[in-house]
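Here the structure comes first, spelled out in structure tokens, and everything after it is commentary.
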Amino acid sequence: MGALAFKITAHSGQARRGELLTRRGLVDTPAFMPVGTLATVKSLLPEDVAGLGAQIILGNTYHLLLRPGTKRVAALGGLHRFMGWPGPILTDSGGFQVFSLAARRQISEEGVSFRSHIDGRALSLTPEEAVLAQEQLGSDIMMMLDECPPAGASRDYIENALCRDSRWAARALKARSFDAGALFGIVQGGTYPDLRALSAEKLKLLDLDGYAIGGLSVGEPKEVMMEVLSRTIPLLPQDKPIYLMGVGEPADLVACSGLGVDMFDCVLPTRMARNGTLLTARGRLNIRNQRYADDESPIEDGCGCLACRSFSRAYLRHLFMSRELLAYRLNTMHNLYYILTLMAGLRTAIEHNQYDAFSRDFFNKLQAEE
RNA sequence: GGUGAGGUUCCCGAGCGGCCAAAGGGAGCAGACUGUAAAUCUGCCGUCGACGACUUCGGAGGUUCGAAUCCUCCCCUCACCA
């Protein structure tokens, strides 16, 4: 208590407009959290990130544990000071790396042992150590260590994992210091509604500050994801923030907000930016494409981001083709601006009880011919 | 003027009698990317009526069942000597 307060200020259908009050400031929800895995949102300055409209960012325990070390970050004054971001930070626990680095790790009741992807050295992460590392970082919202099973995992496997997750959640809570940040639990259960319910039941017994939904958008069809989500959200405490982990395609943000999700994070806008794909209301635009070589128009007419205000598609294409560093920065600014502006629009719509109209308009534009 | 090395598909560059439309880079073209091992990865990249055919390896001839690969002459580069 005290680490986090959440207040819902408006509803529009299932969609919720809320205010998440962390110990380092307010976050308006539904919120999108840009990912800054290694203590930086790649290519941007903290003031850029804030200027684009982000109120909270995500950092990563696993990566920072390996380099430069969470103990070192603590000695240097914590992650906020280290990276120059004074606002709220949510830290992932390393749970996703249990999934993405599956080939280099082993899971036991005690925890996870990894082979570092940098130098191959062995390291272990228990639920307690994950909390400790996040406390060393000075995290405002810590995530419990969990296992995120792949889409193809068997029912037995998923059930076994989620039961262990709930034990890990209890251990994480017990390990947390009294003055530490908030701690979220993570609901798993793959695409099985009853397993999702089981996971939610177990986690609800614990005094967690928020509930994340993990193990989605890991390869399952989109309709399945929406179906699972719509059946899982009602099972969670409605007075706590609900966080859909790893989801961030514009269409998903709109659709999932409509189901009641309050928080999102995703590498998609920043990674795509660095790979030359730009987000627009009409869909994706690959700036590498030949047809933009002589195009004097901005990425998107009417977009208020720095890249669109100042530069043409032709120039941005040139920068990207030349691998100029400015390309990554401008592309990232555009994509994050697009996403964060979309979230702001969504919040306003919910406040005015116009979620449906907003959503309809969004999908109509997306469908429209170029 | 002499001697030596060499001219390969957009570029660089392997190949040195058949398994070569020709390795490997680069460039180019297109696609993917959802709690970041990602400024990454994948595919295409001579032409066509395209599981086959046709035209290519400085030029022209020749040897051979068969040549980018061997021989002759010519053209052009580069290095060194005059």
Side-chain angles (χ1 to χ4, degrees), chain A residues 32-44 56-64 66-67 90-105 114-120 130 134 139 141-151 184-188 210-222 225-226 229 243-253 255-256 261 263-279 284-293 317 319-332 335 339:
Chain A
F32 178 82
M33 305 182 281
V35 177
T37 301
L38 279 160
T40 169
V41 175
K42 296 186 194 300
S43 84
L44 300 187
I56 178 171
I57 61 173
L58 182 147
N60 199 286
T61 303
Y62 168 81
H63 300 260
L64 294 171
L66 289 180
R67 189 165 59 188
L90 178 148
T91 48
D92 191 19
S93 60
F96 186 69
Q97 281 62 50
V98 177
F99 161 74
S100 67
L101 300 176
R104 347 180 31 102
R105 53 106 263 227
F114 286 100
R115 278 283 156 197
S116 158
H117 71 275
I118 299 170
D119 59 9
Q134 292 177 83
S139 172
I141 301 178
M142 306 186 285
M143 300 305 300
M144 62 167 284
L145 182 66
D146 69 328
E147 178 184 2
C148 175
F184 279 24
I186 303 175
V187 175
Q188 292 288 353
Y211 290 84
I213 298 168
L216 287 180
S217 72
V218 287
E220 78 285 353
K222 188 154 288 188
M225 173 176 104
M226 296 307 290
L229 247 193
Y243 164 26
L244 177 57
M245 306 187 79
V247 167
E249 206 165 83
D252 293 342
L253 296 176
C256 298
V261 174
M263 303 163 67
F264 301 90
D265 82 280
C266 194
V267 303
L268 188 134
T270 46
R271 178 184 287 167
M272 281 197 170
R274 294 192 306 281
N275 292 335
T277 301
L278 300 167
L279 304 171
R284 300 174 180 186
L285 181 158
N286 189 335
I287 198 64
R288 291 191 332 251
N289 287 177
Q290 170 99 81
R291 63 175 174 280
Y292 303 123
R317 177 176 195 273
L319 289 181
F320 193 84
M321 296 308 273
S322 308
R323 294 177 163 79
E324 276 296 330
L325 298 185
L326 187 57
Y328 306 116
R329 178 170 160 78
L330 291 173
N331 288 176
T332 300
N335 277 359
I339 292 279

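No hydrogens, no waters, no symmetry mates; every other heavy atom, side chains included, goes into these values. By convention in this document, chain letters (A, B, ...) are assigned in the order of the sequence lines, proteins followed by strands, and residues within each chain are numbered from 1.
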note = In 5'-to-3' order, the base (B), backbone-only (S) or no-contact (-) status of each nucleotide in nucleotides 26-34 of chain B, using a 4.0 angstrom heavy-atom cut-off, is -SSSBBBBB
Would you mind pulling out the nucleotide paired to [N], Watson-Crick or G-U wobble, both distances under 3.5 Å?
N	value
B:U77	B:A5
B:C54	B:G46
B:C19	none
B:A32	B:U40
B:A67	none
B:G24	B:C12

In whole Å, measure the gap between the [atom1] atoms of [N] and [M] for me.
N	M	atom1	value
B:G46	B:U56	C1'	7 Å
B:U36	B:G28	P	31 Å
B:G26	B:C81	P	38 Å
B:C65	B:A14	C1'	28 Å
B:U8	B:C70	P	15 Å
B:C20	B:G13	P	23 Å
B:A22	B:C54	P	15 Å
B:U9	B:A27	C1'	14 Å

In Å and rounded to the nearest 0.5 Å, what is the [atom1] to [atom2] distance from [X] to [Y]?
X	Y	atom1	atom2	answer
A:Asn275	A:Arg288	CG	CZ	8.0 Å
A:Leu268	A:Ile339	CG	CD1	7.0 Å
A:Leu330	A:Asn335	CG	CG	11.5 Å
A:Arg104	A:Ser116	CZ	OG	7.0 Å
A:Leu58	A:Met143	CG	CE	8.5 Å
A:Arg317	A:Arg291	CZ	CZ	10.5 Å

Distance below 4.0 Å between A:Gln97 side-chain N/O and B:G35 OP1 or OP2 =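 False: A:Gln97 side-chain N/O out of range (4.0 Å or more) of B:G35 OP1/OP2.
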key: side-chain hydrogen bond (donor to acceptor under 3.5 Å, both in side chains) evaluation trace for A:Asn286 with A:Tyr292   = CA-CA 9 Å; A:Asn286 189 335; A:Tyr292 303 123; over 6 Å; no
Rounded off to whole Å, could you give me the [atom1]-to-[atom2] distance for the [X] and [N] pair?
X	N	atom1	atom2	answer
A:Ile56	B:G35	CD1	P	16 Å
A:His63	B:G35	NE2	C1'	10 Å
A:Asn335	B:A38	CG	P	19 Å
A:Phe264	B:G35	CZ	P	13 Å
A:Met144	B:G35	CE	P	18 Å
A:Leu253	B:G35	CG	C1'	13 Å
A:Glu147	B:G35	CD	C1'	14 Å
A:Tyr328	B:U40	OH	P	6 Å

Give one of base, sugar-phosphate or nothing for [X], where a contact means two heavy atoms less than 4.0 Å apart.
X	result
A:Leu244	nothing
A:Leu38	nothing
A:Glu220	nothing
A:Thr270	base

ask   = Does a distance-only test, which skips hydrogens and angles, find a donor-acceptor pair under 3.5 Å between the side chain of A:Asn60 and the base of B:G35?
value =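 Result: no qualifying N/O pair found.
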key: Short side-chain donor-acceptor distance under 3.5 Å, A:Tyr62 and A:Asp92   =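 No, no side-chain donor-acceptor pair sits under 3.5 Å.
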key: Full working for side chain to side chain contact (heavy atoms under 4.5 Å, CB included) between A:Ser93 and A:Met142   = CA-CA 7 Å; A:Ser93 60; A:Met142 306 186 285; over 6 Å; no
ask   = Which atoms form the tightest heavy-atom contact between A:Phe114 and A:Gly94, and what is the distance?
value =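 It is CZ-O, 4.0 Å.
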ask   = Just wondering, do A:Thr277 and A:Arg284 contact through their side chains at under 4.5 Å, heavy atoms?
value =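 Side chain of A:Arg284 against side chain of A:Thr277, heavy atoms only: contact under 4.5 Å found.
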key: Verdict with reasoning, A:Asp265 to A:Met245, per side chain to side chain contact (heavy atoms under 4.5 Å, CB included)   = CA-CA 6 Å; A:Asp265 82 280; A:Met245 306 187 79; 4.2 Å; yes
With 3.5 Å as the limit, what N/O pairs link the protein to nucleotides 43-46 of chain B?
none

